[in-house]
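Report on the following structure.
All chains are named by letter (A, B, ...) in the order of the sequence lines, taking the proteins before the strands, and each is independently numbered beginning at 1.
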Amino acid sequence: MDFNNYLELFIEESKEHLQTINDELLNLETDPENLSIINEIFRSAHTLKGMAGSMGFEDLASLTHQMENVLDMLRNSKLSLTSEILDVIFQCVDLIEKMVDSIEQGGDGKADVRNVVAQLTNIQDPSKAVPIQAAQAVQEVAAAAVEEMVIDNYQLSVIDEARKEGNKVFQISITLDEKCVMKSVRSYMVFQAAEELGEIIQTRPSVEQIEEENFDHSFMLLLLSANSLEEIQKTFLNISEIVDVQVVERTSEELEGTGRSASVSQQVEQTKEQTKEQPKEPAKEPQNSDTNTAKKKQRSKSIRVDIDKLDHLMNLFSELIIDRGRLEQIARGQQITDLRETVEHMTRISTDLQGLILNMRMVPVEQVFNRFPRMVRDLAKDLNKKIQLVVEGEETELDRTVIDEIGDPLVHLLRNALDHGLESTEERIAANKPEEGRIQLKAYHSGNHVFIEVVDDGKGINRDKVLNKAIERGVVSSEEAKNMADQDVYALIFSSGFSTADTISDISGRGVGLDVVKTKIESLGGAITINSTPGQGSIFRIQLPLTLSIIYSMLVKVVEETYAIPFSSIVEITRIPQNQVSTIHGQRVIQFRGQVVPLVYLKEVFNVPSSQGIGASEELFIVIIRKGDKTAGLVVDSVIGQQEVVLKSLGGYLNNLFAISGATILGNGEVALIIDSNQFIQ
Amino acid sequence: MEMLKIVAFKIGEEEYGLDLNQVQSIERIQHITRVPNAPEFVKGVINLRGNVTPIIDLPSKLNLGEAQYTDSTRVIITRFEEMELGWIVDETNDVIDISPDIIEPASSNVFDSEYFSEIAKYDGRLISLLKLEELMKTSSN
């Protein structure tokens, strides 16, 4: 068995489950009563535990086991959800995430889980607050005391529930051999056996105490089980070094007598009646089967495919497209109806196929977005701000490559919005705004692009502050500053080494950042702009190409060579008579729509060899391109037409070529180079 | 004794060899797209079964003058460290097994080239063994 094959799968799936848990926990926070959410979390935690166990990551397994226990109690209403419990579970999830990361990076997935495990067991085990523990730290006792109050009620309801399922309550006293050396080990075995039989409601002393061997030779368990008294006794006696096992079945009345609150006694009476009628049945079964079917409905079937395989598929397909082109030519030359019809059919099919293959690379942006709610929640807590994150358009699809890269810039923008964009709660109240700040993260399609916006309703960007800083840092002169448009001023915060926060915080504002965001987005072929209204907030808008591998482009000819110019940078294509070209400082320019546009002769910059028979024409074909607000005109010999081309890298051997960003294969099988027009504009 | 398999080919009248393990295929010359501003010896790129592959004029890389294309001109496609490259040669001969005892180091004062260091004497033929990784090195300039 190749462990590594499974490891990859394990990591992938663990991450998926962690994501589910994180998402659902956030849902749970807003809807704490919703049992189906807890069930969802429980299932994920359970699967995670199973996987970790079978892969031999013991720490991970034991941690998830404890978490699962707490969740199980929650879903069976043995515990009521408090924000403390939720925090511990969040902590737990973080820890699991760390462990999975460590495993992914080749580590052993070990981490110090004691603290969180202890917290989890605390939650599970109510008897923590029994007097023996009074010696413990004040804080803990206080926390436990709160739990104890909750527990009294829930224990009874647990028993109620269990009785409905045909379980009985047993009080078990276990006495260990006096010579027993490792009492904790024995008692652990007892717990294990007990958990197989049913559910431990309470122990005396508490589980921790027992594990620390803080007891003489005997301890007590309150066990819920469907098994008979004899079976239970036999099971425990099978464990070595146990000298005595006393099992007593407890009735509700007795339990009430032990100091339970009287108000619930009625309920217990009622349920007792029902208990008799119900067939014996393990407690968890029915719930599980119910929720499993629900789960099946939600998830569509899918398989994982290596992205390299998809790339390969695409390559093979483009080969096929080339052959298709040839076939079409052949068919046109021959007067064979059958051949022509077959080729036409093949053309249609292959067009569909192409769409499908391209589509396979598309991934909903949700994959990136879904980690943000959690991040924003944590940041908001850190910053002590009240923030509502609204996510829209998470179903919008982007090329896998873009998805992989866009995460970090978005994290940065969100942090920026939280930290600098939104005011503190006091400031918001003073400004007559709702106390809760609002951050919107939305994605949408438009034309050949996908837009992602980070919108906050904070204080907006302070134009003067940005300008002052820019002047101070020498980014612009004070002369230039006077006539700058708002947009241009905002764009200054993307220049490197720029940070307007008065104080440097943990969250953002180390001066590195937004410039990195900008560089990253541009490297993806995208652009970022800012809009801001003082007092009302800011919008950071990222424009991204739909896919990195397919570019809509204009094919042009220079002498006999074909080049592709991406549509995204083309403004217009025009024909201009030779005599309209003039020179300024030796630079050839044209006047176009009231602007002076410098010309770039592709024939010259690319040293295209001349060919006989093509004389200088009277008219120039000029492709006007734009970068930011600057334009230039590329002079070409002719324009072939627009086409979607598959971007291919020139490989490592030919790197850093001036103004060439890649290549593509044309319908005739030849390679055409793709022009990176940004490099023509400085 | 470990036999070395090489692809033997000709540049002009001289014979050269490349380790067969590094050779992917041998292609006929096809349409090459010129790449502007690339080094002189890079002829351009071709479409090799959907992959854009750079083509290098091996004679000019070895300072033997530019290759003249004839019917026997071939492109040897090599793969080394994930990088595919095509090398234009005048003629490919055959794949030969060479035993290590017929390989001699090229004495450095006669052949001053970092691209080959060994010569195989095979059946009266002298075959210079090229070092692909060295040939690939001086790429980006």
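- Counting heavy atoms of neighbouring residues, nucleotides and ligands inside a 6.0 Å radius, atom CD of E604(A) exceeds 12 of them.
- A pairwise comparison of heavy atoms in P36(B) and Y563(A) identifies CG-OH, 3.6 Å as the closest pair.
- Contacts of V605(A) with chain B are made by backbone atoms alone, with heavy-atom separations under 4.5 Å and no side-chain atom involved.
- In this structure, Y653(A) and L135(B) approach most closely via the heavy-atom pair OH-O, 4.2 Å.
- Proximity to chain B (any heavy atom under 4.5 Å) is shown, for L650(A), by both the backbone and the side chain.
- Shown here are the side-chain contact (heavy atoms from CB on, under 4.5 Å) partners of D352(A), two or more places apart in sequence or in another chain: there are none.
- Interatomic distance, CZ of R34(B) versus CG of L673(A), reported as 8.5 Å (0.5 Å rounding).
- Between the side chain of T33(B) and the main chain of V671(A), a donor-acceptor pair closer than 3.5 Å is present.
- Taking D97(B) as the reference, M3(B), K5(B) meet the side-chain contact (heavy atoms from CB on, under 4.5 Å) condition, with sequence neighbours excluded.
- The distance from atom CG of N47(B) to atom CD1 of I665(A), rounded to the nearest 0.5 Å, is 3.5 Å.
- Contact of I46(B) with chain A is made through the backbone alone, with heavy-atom distances under 4.5 Å.
- Remark: E670(A) CD to I32(B) CD1 distance equals 11.0 Å, nearest 0.5 Å.
- For NE2 of H312(A), the number of neighbouring non-hydrogen atoms (other residues, nucleotides, ligands) closer than 6.0 Å is 12 at most.
- For R79(B), the CZ atom sits in a packed shell: over 12 heavy atoms of surrounding residues, nucleotides or ligands are nearer than 6.0 Å.
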